[in-house]
Amino acid sequence: MKAILVAVLFLALLLRPGQAEADVYQGKTVTIITGTSAGSTYDTYARLVAQHLGKHLPGSPSFVVQNMPGGGSMIAANFAYGVSKPDGLTIASINPALYFNQLAGRKEVQFDWSKFNWLGSPDRSDHVLYMRTDTPYKTIHDVRTAANPPKCTATATGTTGHYLPKLLEETIGTKFHIILGYPGGPEMDLAVERNEAQCRAFTTTAWFGGELYRNWRKDGFARLLIQTGRKRDERLPDLPSLYELMDQYRTGENDRRLADVVLASNIFGRPYVAPPGISPDQARMLREAFAKTMADREFLAEAKRRNLEIKPAAGEELEKLATAIVVQPPEVVARMKKLLGK
Amino acid sequence: MEYIEALYNALINILPFTSQGQQAFFFMLVGVFIGFWVGILPGLGGAATLALMLPFIYKMDPTTAFAFLLGANAVTATTGDITSILFGVPGEGTTASTIVDGHPMAKKGEAGRALGAALMSSLVGAIFGAFVLAAAIPIAAPLVLSIGSPEFFMLAILGITFVGSLSGGNIVKGLMAGGLGLMISIIGLDPIRGVPRFTFEGILGQGPSIFLWDGIDLVAVTIGLFAIPEIIDLAVKGTSIAREQVGKLGGVMEGVKDTFRHWWLVLKCSALGAYVGLLPGVGGGTAQWVAYAYAVQSSPDKERFGKGAVEGVLGPGAANNSTRGGDLITTVAFGIPSSVSTAILFGAFLIQGIVPGPDMLNPAKHLTLTFSFVWIIIVANIITVAACFLFLNPLAKITKIRGSLLIPFLLVLIYLGGFTAKNSFGDMIMVLIFGALGWLMVQFDWQRPPLLVGLVLGTITERNFWISTQAYGAAWLTHPGVLIIGLFIVGAIVYSISQILREKRKSRPAVPEAAPEPEIVMLSSPIHRPIFALFFVALFIYVLRETFYEIQPMEERAALFPMVLGIPCLALALLAFGQEFFYILRRTTGRTDPPAISSSPELGAIRRRAVSIVAWTLGFFLAIWLLGFVIAVPVASFLYFRFAGGEKWPISILLSLAAGVFFYGLFDYFLHLPFPEGVVFDWFNLFD
């Protein structure tokens, strides 16, 4: 009898660490805050992640998505960093380019990019620039030498549609006439359809994911002029990359650094972060669960069905990058402020 | 022929005559049921609900999936009207304009008629929108592409010209209210360079200032402007919502007949809604106000509006439903979602392995499915309206329930509606701010609809002006579309002016301002009228000062609109001040009748009740802030029932418990709205 009791006690002791780990999430609900409204791409990814992340955490907590739109997801980032409780029950999906604001020293930033607990990203994407085919700009060289610059659409300063053409101006000397003020992607594409504008810069993922662009490729309505990755995308073997062009045009060192800083946002992808104050154990659990989710077969199948590209980035990689990116020499910061139109 | 066949098959696919159709029909009923409640309850948004429904469609076939989603989506604007009419609280952001005339009808005991009119016109609007969708399918692409940014800008200006006719007899105040609405739309980051405008960073600090970056939410503004004054009035009068015998003036069928009496108006507003739906980025929120303005504009008898004119219900009732059809056109034709709801539906297409775009219009591919959308919109609305009609007469009786039993629920709903706009406390504060503004506007005889029209059209105007100018220089001014719409604008202005002159001439011989019976008890002394006008003078001086010293140096383009608007607004505010001042002067010199109400012995009691309801309104806000929604709802309701309403203990406990359980169950447990915990718990760290 005594022996059994001892054995049970011993077993209980043995199992305790695992038990405690499960306890953290047992019967709990984890909230994913997204910095955009329901129906956006970030929100779609978050809802998919929320369906699968739970089963990879000890205790299988349930997940819900809550939208906290505003300030280009700055409100959500500030909330996740400083307002939400660091109990591991709140994580956030935020805009990958928010660190621009931190570098530019904007007062509204109430987070330190490098101190988030980086969980990973389901997707990363380089950028491309599309151009209507019925224009005289057949290659990026035509844009450099054109007397009349083509009109590119953008929502506002500081967004991809604006800073990418600007970066091309700074680094390889192209000229674009950027039309600002469109409310969003759909309106920009319609503007190009009716020839109010001719070009737009956005992610490679969007170019291959959007149905509209599939039709455009089929009809030869628009073509790509440049991609921004260090390596050419395997789907775009013939499209020159910004890095090749920077070699070709002997872009200076400072301009290259500028490109590096700006384009790092591509690597962050659609990042998921946890508040800085959570316990290291929880941070590890979340990060591992995130990585497992990205390899989860059901998750991948559903992503495919929803036409969401999955090119995961690991939390460790993002953490390293985040630490490095927030330290920049003042010249680069100054150039970046100018680029962002601030 | 192919089209007819597809249209026929599409109908069969969603009707319960085949086994496949049975499934689709069943899920449409489920969707309609969900949509019904989403529409009725403020705080449950159509788009957010769709996002929650999306994961359920994985195992459905395409027709069933869309019957489920679209069924829910199609009816929210219909049932939202019910809440707007009965309580003066917008059930959906897209049904706020129904309040303006629908709620006064309920107060006059005509709730049944208003509901009948709203539902019938909603049905007509929905069917019209669906047919537009069907008819537009072959020509969808050129139709969408015909509207460029310059034309869009001109259309917005055309909408703004309607403001004049919404002025309720006082053109100066009406125009200024419209200008104020345009001004409010300027708050936030400017659409071009992202310069913050009127975000009050210096006063509010960074957090609230970022909240203002995205501008002022339409839902919060409408709840504040319309619901709060009604709640105050309900408490002050100490009656039920209906002041007269319910049904005295005709019930539901009367409203249905009204729809056919004003057949042309309903059709024209349906067409307007469908067209607005077609424009990318604008939907029911804008369409309803433009339709309301149009209903007033086209009526020879503008005085009746805002006091329970049935046309004011019919117009927006039809328009906010017909947008749904127009909204789907860009999604179907281009694969470009033109609103949040359609963006989520777009996700549903992908889940179903369907490529939105030209294939949707191809008879060999998905045309049948596309046409089934048309039928789903129609059938879902017929079912909803039919179901509603069964309950309408009892529903109208809600307006006979005594106010003290309703007020706590209404207070909870307005704050919930504000909170869910962006899941943030900021919009609850907006509800309060605009509530105060709305109440004062009612007290001092300022019309609120022009403000809303200005607000919904402001951003569109500014954006498209700058896009046009950047893309075409000044050349866009000579685009044919621009010139044609320009002629319409001139026509609309000339028409308005001639109407105003005619009315002036007509009313000239009348006795000085035979004021109609006030819809809302007047509490303030007339002396305050010029002071309120002076407030606007000060406001616009501040706006111009800010624009000149703060915005201009940062970005000239961001300063143009506030400047161009601010100067005439200031002039109008000064004129309004002059008007009010002379109004007082005339009164004190005895040239008009002395105010009737100030001598009433009841006034003291009324004042006390007014102070009390304002305190309770703030109290509910404080309770939610201190205790969090879930605890505050039963606690504050109980306190109100027992101590303000004077209800008996059992009733107070029962009702507040019911409110608490319902609130917790639906919004917290089931929907997981991100309610912040009460700050009290933070102070004492109770849960750590």
Side-chain angles (χ1 to χ4, degrees), chain A residues 29 31 33 37-41 43-44 47-48 51 64-72 74-75 78 83 85 107-110 151 153 155-159 177-187 189-191 193-197 210-212 214-215 302 305-308 340-342, chain B residues 45 47-48 50-52 54-55 58 141 144-149 189-194 201 206-207 209-211 213-214 280-281 330 334-338 340-344 346-347 349-351 353 355-358 422-424 459 462-464 466-468 470-472 672-674 688:
Chain A
T29 300
T31 305
I33 304 282
S37 47
S40 65
T41 317
D43 176 71
T44 315
R47 283 173 198 274
L48 183 63
Q51 277 177 46
V64 293
V65 173
Q66 291 174 350
N67 303 94
M68 197 181 279
M74 180 109 68
I75 291 182
N78 283 343
V83 185
K85 277 196 196 143
K107 301 179 295 288
E108 295 82 5
V109 174
Q110 283 153 29
K151 294 177 201 161
T153 61
T155 51
T157 50
T159 61
H177 178 65
I178 301 170
I179 302 175
L180 294 157
Y182 289 97
E187 289 82 2
D189 291 331
L190 278 178
E193 280 262 7
R194 73 174 99 85
N195 213 1
E196 193 168 287
E211 301 306 331
L212 176 73
R214 190 162 300 172
N215 294 325
E302 234 167 89
R305 209 165 157 190
R306 291 199 186 191
N307 211 0
L308 298 174
L340 297 177
K342 296 279 159 14
Chain B
L50 274 187
L52 286 172
L54 205 56
Y58 279 97
V144 172
L145 292 181
S146 66
I147 313 145
S149 300
L189 298 187
D190 97 270
I192 311 295
R193 302 225 74 106
E201 204 186 301
Q206 258 103 49
S209 157
I210 304 183
F211 168 78
W213 276 10
D214 295 294
T330 36
F334 290 95
I336 295 179
S338 77
V340 184
S341 301
T342 47
I344 297 169
F346 192 84
F349 279 102
L350 300 176
I351 290 177
V355 180
K422 285 197 216 92
N423 290 341
S424 109
T459 315
E462 188 179 14
R463 265 183 201 290
N464 286 291
W466 285 120
I467 294 174
S468 307
Q470 290 172 92
Y472 304 107
H672 295 292
L673 292 185
D688 276 343

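Throughout, protein chains are lettered first and strands after them, A, B, ... in sequence-line order, and every chain is numbered starting at 1. Source: prediction; values computed, not measured.
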Between A:V83, A:L180, A:V65, the one whose heavy-atom pairs under 4.5 Å with chain B are most numerous: A:L180
Residue selection (most heavy-atom pairs with chain B, distance under 4.5 Å) from A:L190, A:N307, A:N215, A:I75: A:L190
Spacing of CG belonging to A:D189 relative to OG1 belonging to A:T153, to within rounding of 0.5 Å: 7.0 Å
Any donor-acceptor pair under 3.5 Å from B:N423 side chain to A:M68 backbone: no
Beyond-backbone contact of B:P55 with A:R47, side-chain heavy atoms, under 4.5 angstrom: no
Backbone N/O of B:I351 and side chain of A:R306: donor-acceptor pair under 3.5 Å: no
Most chain B-contacting option - heavy-atom pairs closer than 4.5 Å, from A:G184, A:G185, A:P183, A:A191: A:P183
Heavy-atom closest pair, residues A:R194 and B:S149: NH1-N, 3.8 Å
Contact check, side chains of A:I179 and A:E196, non-hydrogen atoms, under 4.5 Å: no
Contacting region of B:F349 [heavy-atom separation from chain A under 4.5 Å]: neither
Backbone of B:T459 reached by a side-chain donor or acceptor of B:E462 within 3.5 Å: no
Part of B:L50 lying under 4.5 Å from any heavy atom of chain A: neither
Option in A:H177, A:E193, A:R214 with maximal non-hydrogen atom pairs under 4.5 Å from chain B: A:E193
When B:W213, B:W466, B:Y472, B:F346 are compared by non-hydrogen pairs under 4.5 Å with chain A, the top option: B:W213
Contacting moiety of A:T155, where chain B heavy atoms sit under 4.5 Å: backbone
Backbone N/O of B:Y58 and side chain of A:R305: donor-acceptor pair under 3.5 Å: yes
Part of A:A197 lying under 4.5 Å from any heavy atom of chain B: neither
Residue selection (most heavy-atom pairs with chain A, distance under 4.5 Å) from B:D214, B:L52, B:I467: B:I467
Part of A:I178 lying under 4.5 Å from any heavy atom of chain B: backbone
Contact leader toward chain A among B:L189, B:I344, B:L145, where contacts are heavy-atom pairs under 4.5 Å: B:L145
